[in-house]
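Worksheet: the structure to be examined is printed underneath.
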Amino acid sequence: MNILALETSCDESAAAIISEVGGKPVLQSSIISSQIELHREYGGVVPEVASRNHSLNLNAVVQEALTQADLTLEQIDGFAATGGPGLSSSLLIGHSMAKGFAVAARKPFYSINHMEGHLLSPFLSSCAAEIPPHLALIVSGGHTMTVAVKDVGEYSLIGKTIDDAAGEAFDKVARMLGLPYPGGPEIEQHAVNGDPTAFDFPRSLPSSLDFSFSGLKTSVLYTLNSLKEKKIEGQLLADLCASFQKAVTDSLVKKTLKSTKECEAQMVTISGGVSCNKALLAALSAGCQKRGITFLPCQPKHSTDNAAMIAYTAWFYHQKGLSSSLSSNIDPNLSLAHRS
Ligand code: KG4
Ligand code: ZN
């Protein structure tokens, strides 16, 4: 049993293959062709540029995934693609290609929620065939949420951002500081040499389980304005990055730990691009350890957008015998979970 999955929701063209070996989903190949360099000169993702490049790259990415897995297209038993959320013109490229493969091969098609891919991705490293109950913190460029997970497909929303996503805040603040896109890794790098207590940035909505990062972003802007002619470089840049990163990390960790009480979670996972951040991982890991809660982070290679998490999610739906209709459409605003 082999599943080929495509991911084109934003600026990564990705393909991956998962095979079932001894009843477990085993990742055979995961190819990611990043367009970050193309978008960097614009300071963010340009949808038109993204979709055009997906259509140029995707076939080669698929061929590479097949070669690396030592499989041919004829040996694929199911085709999956991200159906949303994401940029509509980009989603359409991967979704249409996977549907085309499925029609031609008369095999099932799986339209997968990108956020469900992130949510399950921490379990990919152990090829888990079952998902235990837990609280998932998903922190990506477009979303920030905590979700109580009972099983695959059984999710309830605990908290979400009421304005910017954590990754979006990293990207916007990096831009203010004159750092290139994507801002998260840049800020993390400069923060290493900075003092996280140098600037007292706000931690919004202290008593809520929801998140808010736009006040923090505005506070960084006011601070920059107050620094007037000072050049934002060296130690000053490092201190601004460290203080901002600490403010984001404090909010994410505090609310996640508070949410574990709400849903009596014994396990916490973290996924999405921002989960590459080592300061965040260390703080959440320490907080969980203190409370006797198991902490399972996503491997860095599966944190930013990839097709392995889409193939993994599709494998669970294949197990359940739940394929998607060939007339299913993409949904740029597809949601994952509601409050129960
Ligand atoms: O999950 P992802 O690859 O794409 C979306 O689905 O949005 O997340 C991308 C986001 C970007 O905002 C990027 O700045 C952020 O993840 N990011 C980081 C780090 N690496 C990537 N944020 C903080 N620290 C990092 N090391
Ligand atoms: Zn993502």
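Start at 1 and go down the list; that is how both ligands and their atoms are numbered. In this chain, residues are counted from 1 in sequence order.
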query = ligand 1 versus Asp171, non-hydrogen atoms closer than 4.0 Å: side chain, backbone, both, neither?
reply = side chain

message = Quick check: closest heavy atoms across Gly273 and Thr304, and the distance to 0.1 Å?
response = CA-CG2, 3.8 Å

request  = Between Lys278 and ligand 1, find which residue part has any heavy-atom pair under 4.0 Å and reply side chain, backbone, both or neither.
outcome  = neither

query = Against heavy atoms of Gly167, which atoms of ligand 1 measure under 4.0 Å?
reply = 12 (O)

message = Any salt bridge linking Asp210 with Arg339? Criterion: basic side-chain nitrogen under 4.0 Å from a carboxylate oxygen.
response = yes

inquiry  = Using a 4.0 Å cutoff against the non-hydrogen atoms of His114, which atoms of ligand 1 qualify?
reply    = 6 (O)

remark   = Protein-side N, O or S atoms sitting under 2.8 Å from the Zn ion (ligand 2) are His114 NE2, His118 NE2, Asp305 OD1

Close approach of Pro185 to ligand 1, heavy atoms, under 4.0 angstrom = yes

message = If hydrophobic clusters are built by linking Ile, Leu, Val, Met, Phe, Trp and Tyr wherever their side-chain heavy atoms come under 4.5 Å apart, do Met115 and Val274 end up in the same one?
response = no

remark   = If you scan protein heavy atoms around atom 24 (N) of ligand 1, the nearest is Asn277 ND2, 3.1 Å

query = If you draw a 6.0 Å radius around CD in Gln289, do more than 12 non-hydrogen atoms from other residues or ligands fall strictly inside?
reply = no

task = For atom CZ of Arg175, decide whether the heavy atoms of other residues, nucleotides or ligands shown that lie under 6.0 angstrom number more than 12.
result = no

request  = Using a strict 4.0 Å cut-off to heavy atoms of Gly142, name the atoms of ligand 1 that fall inside it.
outcome  = 7 (O)

key: Which segment of His143 sits under 4.0 Å of ligand 1 when only heavy atoms are counted   = neither

N or O pair under 3.5 Å between Pro182 and ligand 1 = no

query = Which pairs pass side chain to side chain donor-acceptor pair (under 3.5 Å) with one or both residues in residues 86-102, sequence neighbours excluded?
reply = His95-Ser111

key: Ion pair check, Lys24 and Glu20, cut-off under 4.0 Å   = no

ask   = Quick one: nearest non-hydrogen protein atom to atom 2 (P) of ligand 1, plus distance?
value = Asp305 OD1, 3.4 Å

key: Whether Glu12 lies under 4.0 Å from ligand 1, heavy atom   = no

task = For atom 10 (C) of ligand 1, grab the closest protein heavy atom and report residue, atom and distance to one decimal in Å.
result = Gly141 N, 3.5 Å

query = Of Cys276, Ser275, Gly184, Gly117, which has the heavy atom at the shortest distance from atom 18 (C) of ligand 1?
reply = Gly184

Numbered atoms of ligand 1 (with element) below 4.0 Å of Thr304, judged on heavy atoms = 3 (O)

request  = Return the minimal non-hydrogen interatomic distance between Cys10 and Ala50, and the atom names on each side.
outcome  = O-CB, 3.8 Å

task = Kindly check if the number of other-residue, nucleotide or ligand heavy atoms within 6.0 Å of NZ (Lys290) is above 12?
result = no

Phe244/Phe170 aromatic ring centres below 6.0 Å = yes

query = For atom 21 (C) of ligand 1, what's the nearest protein heavy atom and its distance?
reply = Gly273 O, 3.3 Å

ask   = Should the pair Phe201 and Phe199 be assigned to parallel (<30°), tilted (30 to 60°) or perpendicular (>60°) ring geometry?
value = parallel

query = If Ile, Leu, Val, Met, Phe, Trp and Tyr residues are connected whenever their side-chain heavy atoms lie under 4.5 Å apart, and connections chain through other members, are Ile76 and Tyr312 in the same group?
reply = no

ask   = Among the heavy atoms of Gln245, does any lie under 4.0 Å from an atom of ligand 1?
value = no

remark   = Of all heavy-atom pairs linking Gly94 and Leu6, the shortest is O-CD1, 3.5 Å

inquiry  = Looking only at protein heavy atoms, which one is nearest to atom 26 (N) of ligand 1, and what is the separation?
reply    = Glu188 OE1, 2.7 Å

query = With a cut-off of 6.0 Å (strictly less than), are more than 12 heavy atoms of other residues, nucleotides or ligands near CG of Asp70?
reply = no

Which of the ligand 1 atoms, numbered from 1, are nearer than 4.0 Å to a heavy atom of His118 = 1 (O), 6 (O)

ask   = In terms of heavy-atom contacts, does CD of Glu262 have more than 12 from other residues, nucleotides or ligands at under 6.0 Å?
value = no

